[in-house]
Number of protein chains: 2
Amino acid sequence: MTVPSITEQITREQAQALLARHGIAPTEQRLEIARLLFAQHQHLSAEQILAQLSRNSARVSKATVYNTLNLFAETGLVREVVIDSAKRFYDSNPDPHHHLFHTDTGELEDVAPAQVQIAGLPGLPDSREVLGVDVVIRVGPRHTD
Amino acid sequence: MTVPSITEQITREQAQALLARHGIAPTEQRLEIARLLFAQHQHLSAEQILAQLSRNSARVSKATVYNTLNLFAETGLVREVVIDSAKRFYDSNPDPHHHLFHTDTGELEDVAPAQVQIAGLPGLPDSREVLGVDVVIRVGPRHTD
DNA sequence: AATGGGAACTAGACTTTGTCTAACCCCCTG
DNA sequence: CAGGGGGTTAGACAAAGTCTAGTTCCCATT
Ligand SMILES: [Mn+2]
Ligand SMILES: [Mn+2]
Ligand SMILES: [Zn+2]
Ligand SMILES: [Zn+2]
């Protein structure tokens, strides 16, 4: 699994603003992780983030990467995407959207949510609410029958 | 995580027919796993199956449970459902359908596919095809604002 | 300036899910 | 009866993620 190269970085100030908007205290490590993750719309695993950070010679421990990603996910700053079952991905695209999963390459592609219509949900009791709808379209090489 | 109690078992012959239809050689262990899984429409993890089998004093190893579930999934006899990222579930409901996931209880509920409309998929190259569409609706206790 | 406390960070042990390996068993076939 | 292939098994192993206990840092209070 290769880590996408960094095309551009957001500034510390931009990262601070993102964290502030979600009520997260801006520590050195959290800012570094945010700058990396929000450099572009992407889907990264904890392992990829850890690897990239150490490549940038940022001093962040494994525990902090996991703690931070969990914190980001809880506050809604990033979205946890579960597809692989072996590994979680963290999605820096804040807009509601769905995913195309390429089973052969492992690549994950964003899909505009307008393409998918949730017609009607089964009647839920008033005490419960929909927290989110995850749609994953699995695609692969055409099966030559 | 509790294991649903067995309400009814399918016969060995019914299990054999299921396996035969998917080109799977009917061994003792595979039949036991199939009888357990297809006793009803349900979603079980490997751990739950292993636990239930040993409770039934069936002699099946961990390796065989995993091998068998992978085999069942590859041949399309069961459907692998990934939600939790910590654990895979195997779905004995053969009909196309979606899932309601109760985040508080961990419960997984089937949803008729008619409720969800996939309007249009992004243009795929002719060389690739859609293998499946997984829709998971996450619900939980209403957030009291 | 010293002290106390809380939040955050860290190394590394630990847990859990799933895979792999090597031996073994069983049955069929020549 | 020998050989071979498919299947099962125990247990070692791998990988992702969590937890613990100790430390560091910052800030407020005295
Ligand atoms: Mn947001
Ligand atoms: Mn089928
Ligand atoms: Zn995305
Ligand atoms: Zn189902």
Side-chain angles (χ1 to χ4, degrees), chain A residues 1-3 15-16 19-20 22-37 43-54 56-75 77-78 80-90 106 108, chain B residues 1-3 15-16 19-20 22-37 43-54 56-75 77-78 80-90 106 108:
Chain A
M1 196 66 55
T2 60
V3 176
Q16 263 176 351
L19 268 56
H22 290 263
I24 299 172
T27 68
E28 199 58 44
Q29 289 80 0
R30 289 171 182 172
L31 289 173
E32 280 309 308
I33 293 172
R35 290 186 69 191
L36 171 58
L37 199 40
H43 314 92
L44 295 182
S45 66
E47 179 212 16
Q48 290 175 316
I49 289 170
L50 197 49
Q52 186 63 55
L53 285 175
S54 68
N56 297 2
S57 56
R59 299 182 324 292
V60 185
S61 70
K62 184 176 73 151
T64 295
V65 169
Y66 279 100
N67 287 344
T68 298
L69 290 173
N70 284 337
L71 178 63
F72 284 6
E74 280 160 19
T75 59
L77 178 55
V78 301
E80 217 177 67
V81 180
V82 178
I83 282 178
D84 186 83
S85 119
K87 177 174 300 192
R88 302 173 197 177
F89 285 94
Y90 293 89
L108 201 56
Chain B
M1 197 66 54
T2 59
V3 175
Q16 262 175 351
L19 269 56
H22 290 264
I24 298 171
T27 68
E28 200 57 44
Q29 289 81 358
R30 290 170 182 172
L31 289 173
E32 281 309 308
I33 293 172
R35 290 187 69 190
L36 172 57
L37 198 41
H43 313 92
L44 296 182
S45 66
E47 178 212 17
Q48 290 175 317
I49 289 169
L50 198 48
Q52 186 63 55
L53 285 174
S54 67
N56 297 3
S57 57
R59 298 183 323 293
V60 185
S61 69
K62 184 175 72 149
T64 295
V65 169
Y66 278 100
N67 287 344
T68 299
L69 290 173
N70 284 337
L71 178 64
F72 284 6
E74 280 159 20
T75 58
L77 177 54
V78 300
E80 216 178 70
V81 180
V82 177
I83 282 179
D84 186 85
S85 118
K87 175 173 302 192
R88 301 173 199 178
F89 286 92
Y90 294 89
L108 203 54

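Lettering of chains follows the sequences in order, A, B, ..., and the numbering in each one begins at 1.
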Participant: At 4.0 Å (heavy atoms only), tell me whether B:Thr64 reaches a base, stays on the sugar-phosphate, or touches nothing.
Facilitator: base

Participant: Give the rounded distance in Å between these two atoms: CG of B:Leu53 and P of D:dT9.
Facilitator: 10 Å

Participant: Heavy atoms from C-beta onward define the side chain here; which of C:dT10, D:dG11, D:dT18 lies closest to that of A:Ser61?
Facilitator: C:dT10

Participant: Determine: side-chain N/O of B:Asn67 to OP1/OP2 of D:dG6, distance under 4.0 Å, yes or no.
Facilitator: no

Participant: In whole angstrom, what separates A:Leu31's CG from D:dC25's P?
Facilitator: 17 Å

Participant: Let's see if you can work this out: which of D:dA16, D:dA10, C:dT19 has an atom nearest to the side-chain heavy atoms of A:Glu47?
Facilitator: D:dA16

Participant: Rounded to the nearest 0.5 Å, how far does OH of B:Tyr90 lie from CD of B:Glu80?
Facilitator: 4.0 Å

Participant: Would B:Asn56 and B:Gln52 satisfy side-chain hydrogen bond (donor to acceptor under 3.5 Å, both in side chains), going step by step from the backbone distance to the final call?
Facilitator: CA-CA 6 Å; B:Asn56 297 3; B:Gln52 186 63 55; 3.1 Å; yes

Participant: At under 4.0 Å between heavy atoms, what does A:Glu28 touch on the DNA or RNA strands: base, sugar-phosphate, or nothing?
Facilitator: nothing

Participant: Run the side-chain contact (heavy atoms from CB on, under 4.5 Å) test on B:Val82 and A:Asp84 for me, step by step, so that the C-alpha distance in whole Å, both residues' side-chain angles and the decisive distance to 0.1 Å come before the verdict.
Facilitator: CA-CA 7 Å; B:Val82 177; A:Asp84 186 83; over 6 Å; no

Participant: OP1 or OP2 of C:dT19 sitting under 4.0 Å from any side-chain N/O of B:Tyr66?
Facilitator: no

Participant: Take atom CZ of A:Arg59 and atom P of C:dA8, then tell me their distance rounded to the nearest Å.
Facilitator: 18 Å

Participant: Would you please confirm or rule out a distance under 4.0 Å between OP1 or OP2 of C:dA7 and any side-chain N or O of A:Thr27?
Facilitator: no

Participant: Could you tell me the separation between the CG atom of B:Leu71 and the C1' atom of C:dT19, rounded to a whole number of Å?
Facilitator: 16 Å

Participant: Distance check needed: C:dT17 P versus B:Arg88 CZ, whole Å only.
Facilitator: 12 Å

Participant: Quick one: A:Glu80 CD to D:dA16 P, roughly how many Å, whole number?
Facilitator: 15 Å

Participant: Can you tell me how far C1' of C:dG18 sits from CD of B:Gln48, to the nearest Å?
Facilitator: 16 Å

Participant: Can you find a pair of side-chain heavy atoms, one from A:Ile83 and one from A:Phe89, that are under 4.5 Å apart?
Facilitator: no

Participant: Measuring only between side-chain heavy atoms, which start at C-beta, is B:Leu77 closer than 4.5 Å to B:Leu19?
Facilitator: yes

Participant: Assign each of B:Ala63 and B:Ser85 to its nearest nucleotide of DNA chain D by heavy atoms, then name whichever residue's nucleotide is nearer the 5' end.
Facilitator: B:Ala63

Participant: Could you state the atom-to-atom distance from NZ of B:Lys87 to P of D:dA16 in whole Å?
Facilitator: 19 Å

Participant: Is a donor-acceptor contact shorter than 3.5 angstrom present between the side chain of B:Lys62 and the base of C:dG18?
Facilitator: yes

Participant: Is any side-chain nitrogen or oxygen of B:Asn70 closer than 4.0 Å to OP1 or OP2 of C:dT19?
Facilitator: yes

Participant: Base, sugar-phosphate alone, or nothing: which one does A:Asp84 contact when heavy atoms must sit under 4.0 Å apart?
Facilitator: nothing

